[in-house]
Amino acid sequence: MPEGGDPETVVRIAAWHRRPGDAVSEGEPLCLLSVDGSHAEVASPADGTVSRLAMGVETVVAPGAVLAEIALPVVATEPELEPEPEPAEAGEPAEAAVEPEPEPVVVEVVEPEPVPEPIVEVVEPEPVPEPVVEVVEPEPAPEATQPAPEPQPELVEEAAPEPEPLGAPRPEPGPVDMAHFHSPAVRRLLAEHDVDLAAITGSGRDGRITRDDVLAAIAARATATRA
Amino acid sequence: MSGTRVRYRDAVAEALRMEMHRDPEVVLLEAEGGVSDGGVAGVSEGFAALFADRFVSLPVDGGSIVATAAGAAAAGLRPVCEIPLADFGAAALGELTRVAELSRAERIDMPLLIRVPLGGFSTSGPADGALDPETWLLGLGEVRVVVPSSPQDAKGMIASALRHPGPVCLLEHEALADVVGEVPEGGHLSSLDEAAVVIEGDRLTLVAFGPAVRLAQRAARELNAGVEVIDLRTLQPLDDATILASVRRTGRVVIVAEADRSFRVGGEISSAITERAFEYLDAPPRRAVIPAPDAAALHANGDTPAGVRQIKEVCVELLAY
């Protein structure tokens, strides 16, 4: 989990979307992180079966920590893989050595940025697999094997921002990308008619495609079809 | 039906005169002083002599005028009174709340017509401090609030109000008093439920009421860009069907707000549109805030009044959205 980010940033597990034994495809959301109050999804880096969640919901995630392990699917010949109930046990992997067990994939989050990029570390299947627990920089990281370390209250305090002075102007939301903004009227027309948006030049503000632009495209197509 | 060109204030007077001749239950309650000058808007001049037994002069107190009228209405008469809300409306409002409550809870017919002069009739400024007190009336629910913007509507709405079983407040803006318009000869009735599309268009809907309608019409004509103008005509009930039908066609809407933007009719309309015509909107509903029209602004032929300029600016911005 996050190396080198702002040490003040508190990242927690907000929710797990998968449980041990669940199948997951590459790119599917695996868990939701809460980063200083905003949220970021962590996508699965590979197809496979979740074999272990390294920590529970609400856990504060330290930089470098392992979030979960994913067992890669067995190749063709192998029958259905049973999910391992306790994949964290160091003893278990012995079995893995016998069968061409899936390689454990360690999902690790590297940056404490609002949208942490999951890093995939593919651990080579060792004949005598070591425990998957990967100890990266021993930050105040929760024990990887421990499912739900207690929340750290002092971090919460640290995270409390200076209260804004009353009446301070709030920042305006950033400009909307008008060229890709479709009004409710435009969206309704798109749902009702089969229109190729890419073929329409927007005449609205900053190139926005207006309702009239879509209506004109529909009319033009009708004329062309009739001709 | 042939028509004649009539001033707004004369259309009001004519309607009252015709209705008093038609219905012997119609009585006129006026604040003291009304006998000589024909009321705040000067329309009832000569009525005291014409209808001596149906003309009652009361102290200048909005509360007691409305209370007396309410009693007369509950007893089966059809009282007409004139309450300049901005000047002594706060007291009248308390009594009106009771009228609304009696209509609703007790289901008592309260055929009561309150003419509400707005604008600068009194030069000393509004004593109760409210420049647009119509919003005070809109929360009463059981009280109809109508705003004729033309002499024809003024005459027709008074005739309709004096056939309506419940209380009606008819807002008469001073700026409109000398506006001249075509009025059908003889009597006619005008709807107390419906808005009117006064200029048709297909690219933007402009919603206004009272004197602002004339400014909106002028803005629409000068823009010449497919701007439709709706004259609300009635605020309570609000004819949202007409507004929504128009916005569903045009996809854009500007609501004219006089003097104040917030907590006024415009916000209510905007909310109805986003709730019930959201899928048809091609741009966010906007409010054009204009200064409360004065008579000079409505009659100006040369210079463009500030209100018209402001309406046009918002329309241009929204048409380019």
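Chain naming here is simple, since letters A, B, ... match the order of the sequence lines and numbering starts at 1 in each.
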- If you tally heavy-atom pairs under 4.5 Å against chain A, which of B:R249, B:R248, B:R203 wins?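 When all of B:R249, B:R248, B:R203 are compared, B:R249 has the most.
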- Where does B:T274 contact chain A at under 4.5 Å (heavy atoms): side chain, backbone, both or neither?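 Contact with chain A: none, neither part.
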- Is A:R208 paired with B:D282 through a side-chain N to carboxylate O contact shorter than 4.0 Å?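 A:R208 and B:D282: salt-bridged.
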Is the count of non-hydrogen atoms from other residues, nucleotides or ligands lying under 6.0 Å from [X] atom [atom1] greater than 12?
{"X": "A:E28", "atom1": "CD", "result": "yes"}
{"X": "B:D303", "atom1": "CG", "result": "no"}
{"X": "A:H180", "atom1": "NE2", "result": "no"}

- Message: Below 4.5 Å, heavy-atom pairs only: which of A:S203, A:A191, A:S183 has the largest tally toward chain B?
- Response: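 Result: the option with the highest number of such pairs is A:S183.
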- Relative to chain B, which of A:R205, A:R188, A:R187 shows the most heavy atom pairs under 4.5 Å?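 Of the candidates given, the most pairs with chain B belong to A:R188.
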- Query: Which residue pairs satisfy the salt bridge (Lys or Arg N to Asp or Glu O under 4.0 Å) criterion with at least one member in residues 304-320 of chain B, sequence neighbours excluded?
  - Reply: B:E222-B:K312, B:R286-B:E317
- With side-chain contact (heavy atoms from CB on, under 4.5 Å) as the test, would you mind laying out the steps for B:Y280 and A:R211 before giving the verdict? CA-CA 9 Å; B:Y280 296 83; A:R211 184 192 70 153; over 6 Å; no
